[in-house]
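The structure under discussion appears below in the form of structure tokens.
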Amino acid sequence: SNGDLTISSLDKVISGDLTFDSSGDITLSVDGDNVFIDDGTDTAFKFSTTASKHFTIFSDTSGGNNDYFNVGVTTNGATTISTVDDAGANANLHFSVDGDISMTPAGGDFTVTAATATFTSASASQPVVHITNTHDGSSSGELRFNKDSPSGGDNDVMGKITFYGTDDSDNTHEELA
């Protein structure tokens, strides 16, 4: 024997702690669609083995596993990260990174669809937004405002840059220019 342990059929194991300490790989093969890890009551983790692979972490405070974080992978490695708050829209996604965030999309585009994008810094002379073109040619980067309305009319405002600030008494922000 080479020390391998194979369990081919087992309905349930009831015991105290169970520790796997392997010097090699651990493989779980399931004929069903999912692997679940729970705390005896609620599902904490779900690994989906269907054609569209998913890893889901459920909230332990939602009272029914209706709030969760999900990572799904489909054809060509297309990946979707999502959060769900079943009772509202409070499933925020926060990143606390001990280092930089770097994104280099192979397609060249980075798109954010949101009503507002906010950059905040408590450091002096920051935040700074850089638009850098490294092409060895005569063209430059561009800050472009697109107004794409199906019912555009005369006197539509195409874009606006405004400056807001507070006075030395920290009064409400007001438009300064």
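Just the heavy atoms: all of them, side chains too, but no hydrogens, waters or symmetry mates, feed the values below. On a predicted model such as this, the values are computed, not experimentally measured, just so you know.
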Rounded to the nearest 0.5 Å, how far does [atom2] of [Y] lie from [atom1] of [X]?
X      : Y      : atom1 : atom2 : answer
Ile131 : Arg144 : CD1   : CZ    : 11.5 Å
Asp21  : Ile26  : CG    : CD1   : 8.5 Å
Ile161 : Phe145 : CD1   : CZ    : 4.5 Å
Ile81  : Leu93  : CD1   : CG    : 7.0 Å

What are the two closest non-hydrogen atoms of [X] and [Y], and how far apart are they?
X     : Y     : answer
Ala89 : Asp85 : N-OD2, 3.6 Å
Thr49 : Asn34 : OG1-N, 4.0 Å
Asp38 : Thr43 : CB-CA, 3.7 Å
Lys46 : Phe58 : CB-CE1, 3.8 Å
Asn66 : Val84 : O-CG1, 3.8 Å

Same cluster or not: are [X] and [Y] linked, directly or through other Ile, Leu, Val, Met, Phe, Trp or Tyr residues, by side-chain heavy atoms under 4.5 angstrom apart?
X      : Y      : result
Val73  : Leu28  : no
Tyr68  : Phe47  : no
Phe119 : Tyr164 : no
Val71  : Val97  : yes
Ile57  : Phe95  : yes

So, [X] versus [Y]: side-chain donor-acceptor pair below 3.5 Å or not?
X      : Y      : answer
Thr118 : Thr120 : no
His54  : Ser52  : yes
Asn70  : Thr56  : yes

Could you tell me whether the side chain of [X] and the main chain of [Y] form a donor-acceptor pair under 3.5 Å?
X      : Y      : answer
Ser121 : Ser123 : yes
His135 : Gly137 : yes
Thr79  : Gly77  : yes
Asp67  : Asp86  : yes

